[in-house]
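Scroll down for the structure; my scribbles are underneath it.
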Amino acid sequence: MKVENHKKLIPIVFIVILSFCYLVFAEDKIKYPNVSGQFYPGNKNSLSRQIDDFFKNIEQEPALEEKDILAIIAPHAGYTYSGQVAAYA
């Protein structure tokens, strides 16, 4: 094999080694929420119920068709403060 061909293999081998190291040495691959229970309920069932309630409380369906929507601007705060508006959006 020519030297040029060996040089092409170096990045591939490097990526394979890095990928292997990540799979072997990464202890915790799950990102846990930092603010659970502060801006939204910390309990899975409570959170699910609260989100379901937001959607149930929408009084009427929006008049726009999905194809007409170009963007949605909605508040982003704790679910208690902006969850209902976000659900309507």
Side-chain angles (χ1 to χ4, degrees):
M1 210 181 247
K2 293 183 179 181
V3 173
E4 294 85 29
N5 290 339
H6 288 292
K7 287 182 180 179
K8 292 178 183 177
L9 287 175
I10 291 174
I12 295 170
V13 171
F14 184 70
I15 290 170
V16 169
I17 291 171
L18 281 178
S19 299
F20 177 77
C21 288
Y22 174 76
L23 291 173
V24 171
F25 298 111
E27 293 178 20
D28 191 8
K29 297 176 187 156
I30 298 173
K31 168 67 172 89
Y32 292 97
N34 296 332
V35 294
S36 178
Q38 295 176 22
F39 297 102
Y40 52 86
N43 175 284
K44 177 183 173 183
N45 294 330
S46 296
L47 176 60
S48 182
R49 193 169 36 255
Q50 184 181 42
I51 292 172
D52 288 342
D53 287 344
F54 288 143
F55 285 107
K56 288 177 188 172
N57 290 333
I58 296 174
E59 292 181 15
Q60 63 184 33
E61 291 294 318
L64 296 173
E65 291 185 27
E66 190 173 322
K67 66 180 181 172
D68 295 332
I69 298 172
L70 299 176
I72 293 177
I73 299 173
H76 175 72
Y79 288 5
T80 301
Y81 306 106
S82 66
Q84 189 62 60
V85 175
Y88 184 79

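Position 1 is the first residue of the sequence; numbering continues from there. Note that this is a predicted model, so its numbers are computed, not measured.
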Exercise. Shared ILVMFWY cluster between Tyr81 and Tyr88, side chains joined below 4.5 angstrom?
Worked result: no
Exercise. Would you say Val35 and Leu47 are hydrophobically clustered, going by side-chain heavy atoms of ILVMFWY under 4.5 Å?
Worked result: yes
Taking all heavy atoms of [X] and all of [Y], pick out the closest pair and write down the distance.
| X | Y | answer |
| --- | --- | --- |
| Gln50 | Pro41 | OE1-CD, 3.0 Å |
| Gln84 | Asp53 | OE1-O, 4.3 Å |
| Gly42 | Ser36 | CA-OG, 3.2 Å |
| Phe54 | Ala87 | CB-CB, 3.6 Å |

Exercise. So Tyr40 and Tyr79, would you call those rings parallel, tilted or perpendicular, with 30° and 60° as cut-offs?
Worked result: tilted
Seminar exercise, completed: Sorted by chain and number, sequence neighbours left out, ring pair (Phe, Tyr, Trp, His ring centres under 6.0 Å) with Phe39 holds for none
